[in-house]
Novice: 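Please see the structure below; I have some questions.
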Amino acid sequence: MNKILQKLKSWFGDTGVKKVSYKPQGYRPKRDWSIMFVLSFILILAMLSFAFYIYVEVDNNRLFVSDYDEMSKELKLDEKLIKKVVDGINSRAESLEAIKNDKNIPPDPSF
């Protein structure tokens with residue numbers, strides 16, 4: 001039994017109350033603030049340089065370039081699909097007018 005207690009004490013022996021020291025051991029606020037300032041400056045400088053690069057590329061038409069030959073091709077429309085869409089819009093407009101005029105009130109779906 002003593003051996004088991006000794007093992008338990010060795011495992012949990014460090015959990016006791018320790019002497020509290022308020023002496024700063026490695027805390028350097030000046031160093032921390034200077035690191036934050038330098039990293040922020042580097043990050044802002046990188047963002048500004050990237051924004052300037054994008055601006056120059058767009059201004060010189062080297063970025064987001066479109067091919068005018070593909071844009072000038074004739075556009076073919078599916079007339080059946082357009083007619084179906086227009087008919088659907090017109091039927092919705094007619095049903096809306098009927099609802100506004102109290103001709104046809106749709107049933108309440110919650111019942």
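Sequence positions, counted from 1, serve as the residue numbers for this chain.
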Novice: Atom CG in Leu43, atom CE in Met36: separation rounded to 0.5 Å?
Specialist: 12.5 Å
Novice: Can you establish whether the number of heavy atoms outside Arg92 located under 6.0 Å from its atom CZ is more than 12?
Specialist: no
Novice: For the pair Asp59 (side chain) and Tyr55 (backbone), establish whether a donor and an acceptor sit closer than 3.5 Å, ignoring hydrogens and angles.
Specialist: no
Novice: If you measure from OG on Ser91 to CG on Leu96, what distance do you get to the nearest 0.5 Å?
Specialist: 11.0 Å
Novice: What's the separation between atom OG in Ser40 and atom CD1 in Ile35, rounded to the nearest 0.5 Å?
Specialist: 11.5 Å
Novice: How far does CG of Asp78 sit from NZ of Lys84, to the nearest 0.5 angstrom?
Specialist: 10.0 Å
Novice: I'd like to know if Val86 and Leu77 are part of one continuous hydrophobic network [Ile/Leu/Val/Met/Phe/Trp/Tyr, side-chain heavy atoms within less than 4.5 Å].
Specialist: yes
Novice: Quick check for you: to the nearest 0.5 Å, what is the distance between Ile42 atom CD1 and Met47 atom CE?
Specialist: 14.0 Å
